[in-house]
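For reference, the structure is listed below as structure tokens.
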Amino acid sequence: MQKTYSPEDIEVRIYAEWERLGCFEPSGTGAPFCIMLPPPNVTGTLHMGHAFQDTIMDALTRLHRMRGDNTLWQPGTDHAGIATQMVVERQLNAEGLHRRDLGREAFVDRIWQWKKSSGDTIERQLKRLGASVDWSRHKFTMDPELSRAVTHAFVQLHEEGLIYRGKRLVNWDPVLHTALSDLEVVGEEESGKLWHFSYPLADGDGALVVATTRPETMLGDTAVAVHPDDPRYASLVGREILLPIAGRRIPVIADDYVDPEFGSGCVKITPAHDFNDYEIGRRHGLEMINVLDDDASLNESVPAAYRGLDRFAARERVVAEMDALGLLERVEDHRMVVPRGDRSGAVLEPYLTDQWYVKAATLAAPAISAVEDGRVRFVPENWSKTYFEWLNNIQDWCISRQLWWGHRIPAWYDPDGGVHVGADEADARRRSGLSADVALVQDEDVLDTWFSSALWPFSTLGWPEDTPALKTWYPGTVLVTGFDIIFFWVARMIMMGIKFMGDVPFREVYIHGLVRDAEGQKMSKSKGSVLDPLDIIDGVDLDTLVEKRTTGMMQPQLRARIAEATRKEFPQGISAHGTDALRFTFASLATTGRDVRLDLSRVEGYRNFCNKLWNASRFVLMNTEGEDCGAGGELEPGLADRWIRSRLAETVRVSLEAFEAYRLDLAAQAIYEFTWHEFCDWYLELVKPAINSEDATAAQKRAARRTLVEVLEALLRLLHPIMPFITEALWRRVAPVAGVGGETVMLQPYPAPDDYPRDEAAEAEMAWVQAFILGVRQVRGEMNIAPGRPLEVLLQDASEQDLGWLRANEPLLMKLGRIAAIEPLAAGAAAPPSATVLLGNTKLLVPMAGLIDAAAEIARLEKQRDKLRSDLAKSRAKLDKPSFVENAPAAVVDKERRRAEEVAASIEKLEQQLERVHALA
RNA sequence: GGGCGAUUAGCUCAGCGGGAGAGCGCUCCCCUCACACGGGAGAGGUCGCUGGUUCAAUCCCAGCAUCGCCCACCA
């Protein structure tokens, strides 16, 4: 074995072997356990957020597989309509082409090509991350059988009246030329202006002042509204305005929507271009005049001078013309929320179009109760609040998109505009009773990506067929996802799951945080802060990293800045850390309800941890391979052997408990602590004298070797869900020595707490041994005594128990403390001048004999004494308060009394010692 | 305007009613026969602020401050 662990040598090879052994497929026996991989978008490559999420899912999956469950981790990818289409459109643009140049079919072909390459990349990345998904069941949302599921769901919902087509205002993206759902609208506060216009009354008798942030829409005004109780305007209600520029007469109406306090208390109403105005328009039966085209330029319904103008140019012209007409009252700066498309970033328009909608409220009701009554549980719990908040106020869901990439809407139109829905054209005809000679044209639009995603928990398992997989793994066990898609995806899966399967899609929803960069910013391509998980795993040189971050950008002008920032952040590039180190980092940062700030120095720390484990195993193998490790022979376990097994038991218990609660950080921490600070720091050191000593019996040595391999073998199983590769590589070497069979650690049973007994006596004795050694080391460290220099140590006032423990462990103490001799001091015997360590009531003395400076020892003792004095003062203050003694539980009071006594005794001893050292100084 | 979360050692984070912990970084000493991606010894925190509940508060409650996220139709 190499002296330093090199992950690159083993990871790829081991993954291939797992695949060959069929380790990822469900066992077919045991309780079903199922996780659905949130299908990554085929827009490119996996980022750190995916790697984080995949680590959590893989750890859970491996844990349950080892515990004997019938475990399925279902993989797949999502076609991601808008996002993917945009990626390919950008590529075309770079070639000077537009998708219209190719035509729909060729363009979609081109996206399929892209999908292939992106999908392959994602698969490769998942494999490098160690993801133990069942590749044989891999699905893509546009696979034929999943597309059938989509159509089936659409037809059924339509049949039940839960999907309808209607002309309403939608959020329209004038750059992408498509409708969006409410969720795809992001609102950022931006600075704008508020223009105050004077609208003359038609009869020439004065004017009203209205304020607007969007002057261009005034061309579509069909009313002015005031509050019904506003005395200022009561007499104007029912009269008419002569709308400037447009020259139209429009009524003054009264509606409670108007806030009399804001602005003038008069509002211009443009029903076709504002969601509130639309509602008012419907209430009052107002005309809806659409003044925009689908690219947000002005259309035929405006005066000739405005036709074809872009909305922003039109805005300027309206303002200029109103000003020229003397109707511009004033302009003020105004902060407002501007709606933009989450993908394009374009300012969206409320736009009157025909679209398909899902009646969401009907589906939402049972989805709400499912969480209320605990059939679905959020972890952490408080996310259910977010979930309820949204579902209780849910709006109908616009599911049609004017795109080419996606599931074509299964609706056909006859020449008279009749709509016919069916699984395919023939089915649509049959359902509508149409003869073959009626010409039908399929709807050009595709479905919102999230419509198919909502079916993912059952469409991947074969629905609408009633498959064995569906019976076994629906509902899934747990969904692991980020809070950012609770509405987009989680809520919709629950709605659709209940609707089509009659049960929730998963029992628990584990919500993890977002991965952020070192500055706490969301990683994004446009900020140039993305990291490919593989670059942390394999390492990357600086030039390659800069190259990766600055190609294929939406805003090439940022290139120079990103390159500079990258060179500053990673002057040496990124060194290789291996998959396991990255995974352990994610696990250790996976606390609930908190974002993850990725800290490369932490990854480095866990890479060192891998190395530590590697070398500990090397040591164990060096001492056990080819040796008698106790198969059948007599065993005489020593203190260290009993102790480490007891600690292992506790570690297993803590770790399992943490996994139950999805606290991977606590599991990782417990295992780390055990591995490094108990197994390596203490046990391996304690075992060295035991194994090498000539005094040790064969049975003792055998027991030590047995414990070495057994504990290590169990530790590797314990750690495997988080660090699959290194544990597999080591386990294959260690297992045979431990007498354990099997080809892979993946399919071994996970350690159970009862596998190893707790041993309280061993832990107590070991605590004394550790205190002894630490005390000697402290004197050595603080007194600057050379590490190699052997010390003489005396024990004063040692109890029978101390003496017993001393006798039992003398060789250990001497070896680890680098001690030449340990002598108990006879009662009453005078002690030489010494440095002192308190071991409970016993004093451990290191005679100064020229190697200890009295002043330094005085300083050391005084520091300890002062600390104890302040502890004692606090303790006494507490005990002196009658309220404490009377009200606190007896056990707490007793404990406090004992503490005070012990501290006082310790101070006493330190004082005595101080006196003696002072006498020398 | 509502809702949620955060505020603990220089940095990244655990803990959460009975004397504050880890990793990284820092200081000092060591290339000791598994490991210098290492070993040993240290320094470093009135646990954001102000009140309240309690015998006891970093932990529970209220308010405030700062930061962050989500939702929301004030033209």
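Each chain gets a letter, A, B and so on, in the order the sequences are listed, and its residues count up from 1. As the structure is a prediction and not an experimental result, all values here were calculated from the model.
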>> Is it the case that B/A34 (base atoms only) and A/Glu685 (side chain only) share a donor and an acceptor within less than 3.5 Å, ignoring hydrogens and angles?
In response: yes
> Tell me: CZ of A/Phe884 to P of B/A57, nearest whole Å?
Replying inline: 12 Å
> Is the distance from OP1 or OP2 of B/G21 to the nearest side-chain N or O of A/His677 less than 4.0 Å?
Replying inline: no
>> Please compare A/Glu896 and A/Arg818 by the position of their nearest nucleotide in RNA chain B and report the one closer to 5'.
In response: A/Glu896
>> Just N and O in the side chain of A/His196: are any of them under 4.0 Å from OP1 or OP2 of B/A75?
In response: no
>> A quick test of your reading: do over 12 heavy atoms of other residues, nucleotides or ligands sit less than 6.0 Å from CZ of A/Arg335?
In response: yes
>> Exactly one of A/Asp277, A/Asp256, A/Asp255 should register a salt bridge (charged side-chain N to carboxylate O under 4.0 Å, His left out) with A/Arg283. Which one does?
In response: A/Asp255
>> Considering every strand and a 4.0 Å limit on heavy-atom distances, what is the contact class for A/Leu868: base, sugar-phosphate, or nothing?
In response: nothing
>> Does A/Ser601 reach a base, just sugar-phosphate, or nothing at all? Heavy atoms under 4.0 Å.
In response: sugar-phosphate
> What integer number of Å spans the P atoms of B/U12 and B/U50?
Replying inline: 24 Å
> Below 3.5 Å, does any donor atom in the side chain of A/Arg602 face an acceptor in the base of B/U12, or the other way round?
Replying inline: yes
> Does B/C74 have OP1 or OP2 sitting under 4.0 Å from an N or O in the side chain of A/Arg335?
Replying inline: no
> Is any side-chain N or O of A/Arg780 closer than 4.0 Å to OP1 or OP2 of B/G40?
Replying inline: no
> A/Lys688 near the nucleic acid: base, sugar-phosphate alone, or nothing, with a heavy-atom cut-off under 4.0 Å?
Replying inline: base
> Rounding to a whole Å, what distance do you find between A/Arg214:CZ and B/A75:P?
Replying inline: 12 Å
> Starting at CG of A/Leu391 and ending at C1' of B/G3, how long is that distance when rounded to a whole Å?
Replying inline: 15 Å
> Among side-chain atoms of A/Thr270 and A/Asp221, is any donor-acceptor pair under 3.5 angstrom?
Replying inline: yes
>> What is the separation between atom CG on A/Asn608 and atom C1' on B/C37, rounded to the nearest whole Å?
In response: 4 Å
>> Applying a 4.0 Å non-hydrogen cut-off, can you work out what A/Pro889 is touching in the nucleic acid: base, sugar-phosphate, or nothing?
In response: base
>> Suppose you measure atom C1' in B/A6 against the same atom in B/C13; what distance do you get, rounded to whole Å?
In response: 12 Å
> Once you round it to whole Å, what is the distance between P of B/C33 and CZ of A/Arg618?
Replying inline: 12 Å
> Tell me: CG of A/Leu589 to P of B/C24, nearest whole Å?
Replying inline: 14 Å
>> Considering every strand and a 4.0 Å limit on heavy-atom distances, what is the contact class for A/Asn382: base, sugar-phosphate, or nothing?
In response: sugar-phosphate
> Which part of the nucleic acid does A/Asp681 contact within heavy-atom distance under 4.0 Å: base, sugar-phosphate only, or nothing?
Replying inline: sugar-phosphate
> Would you say A/Thr4 reaches B/C37's phosphate, i.e. side-chain N/O to OP1/OP2 under 4.0 Å?
Replying inline: no
> How about A/Trp383 and A/Phe378: are their ring centres within less than 6.0 Å of each other?
Replying inline: no
>> Please determine whether side chain to side chain contact (heavy atoms under 4.5 Å, CB included) holds for the pair A/Leu664 and A/Phe659, giving the CA-CA distance in whole Å, both sets of side-chain angles, and the decisive distance to 0.1 Å.
In response: CA-CA 6 Å; A/Leu664 271 66; A/Phe659 266 116; 3.9 Å; yes
> For RNA chain B, whose closest nucleotide is more 5', that of A/Lys881 or that of A/Tyr257?
Replying inline: A/Lys881
> Does the side chain of A/Gln669 get closer than 4.0 angstrom to OP1 or OP2 of B/G23 through an N or O atom?
Replying inline: no
>> Distance alone, cut at 3.5 Å: any donor-acceptor contact between the side chains of A/Glu627 and A/Thr624?
In response: no
>> Please determine whether any donor N or O and acceptor N or O are separated by less than 3.5 Å between the side chain of A/Lys612 and the base of B/C35.
In response: yes
>> Any side-chain N or O of A/Trp676 below 4.0 angstrom from OP1/OP2 of B/A34?
In response: no
> If you measure from the P atom in B/A57 to the same atom in B/G51, how many Å do you get, rounded?
Replying inline: 13 Å
>> Suppose you measure atom C1' in B/A62 against the same atom in B/G21; what distance do you get, rounded to whole Å?
In response: 29 Å
> Under a 3.5 Å cut-off for both distances, is B/G68 Watson-Crick or wobble paired, and to whom?
Replying inline: B/C4
>> For a quick check of understanding: with a heavy-atom distance under 4.0 Å over all strands, which category does A/Gln778 fall into, base, sugar-phosphate or nothing?
In response: sugar-phosphate
> Which part of the nucleic acid, if any, lies within contact of A/Lys863, taking any heavy atom under 4.0 Å across all strands shown: a base, the sugar-phosphate backbone alone, or nothing?
Replying inline: sugar-phosphate
> Applying a 3.5 Å limit to both distances, which nucleotide forms a Watson-Crick or G-U wobble pair with B/U54?
Replying inline: none
>> Give me the distance, rounded to whole Å, that separates B/G25 from B/G63 when you measure between the P atoms they each carry.
In response: 43 Å
> Can you tell me how far C1' in B/G39 sits from the matching atom in B/G45, rounded to whole Å?
Replying inline: 27 Å
>> My understanding is that a pair needs two contacts under 3.5 Å, Watson-Crick or G-U wobble. By that rule, which nucleotide pairs with B/G45?
In response: none
> Does a nitrogen or oxygen in the side chain of A/Arg898 sit under 4.0 Å from OP1 or OP2 of B/G18?
Replying inline: no
>> Rounded to whole Å, please give me the gap between CZ in A/Arg607 and C1' in B/G23.
In response: 14 Å
>> When the P atoms of B/C47 and B/A20 are compared, how many Å lie between them, rounded to an integer?
In response: 11 Å
> Nearest-Å distance, NE2 (A/His273) to P (B/C73)?
Replying inline: 19 Å
> In the structure shown, which nucleotide is the Watson-Crick or G-U wobble counterpart of B/G21, with both distances under 3.5 Å?
Replying inline: B/C13
>> Considering every strand and a 4.0 Å limit on heavy-atom distances, what is the contact class for A/Cys266: base, sugar-phosphate, or nothing?
In response: nothing
> According to a strict under-4.0 Å criterion, is A/Lys385 in side-chain N/O contact with OP1 or OP2 of B/G3?
Replying inline: no
>> If I pick the C1' atom on B/C35 and the same atom on B/C30, what distance separates them, to the nearest angstrom?
In response: 15 Å
>> Could you check whether A/Lys688 makes a cation-pi contact with A/Phe619, meaning its NZ or CZ is under 6.0 Å from the centre of the six-membered ring and within 45° of the ring axis?
In response: yes
> Can A/Asp894 and A/Arg898 be said to form a salt bridge (Lys or Arg N to Asp or Glu O under 4.0 Å), step by step?
Replying inline: CA-CA 6 Å; A/Asp894 277 354; A/Arg898 257 180 288 120; 5.3 Å; no
> Roughly how far apart are A/Asp580 CG and A/Ile726 CD1, rounded to 0.5 Å?
Replying inline: 6.0 Å
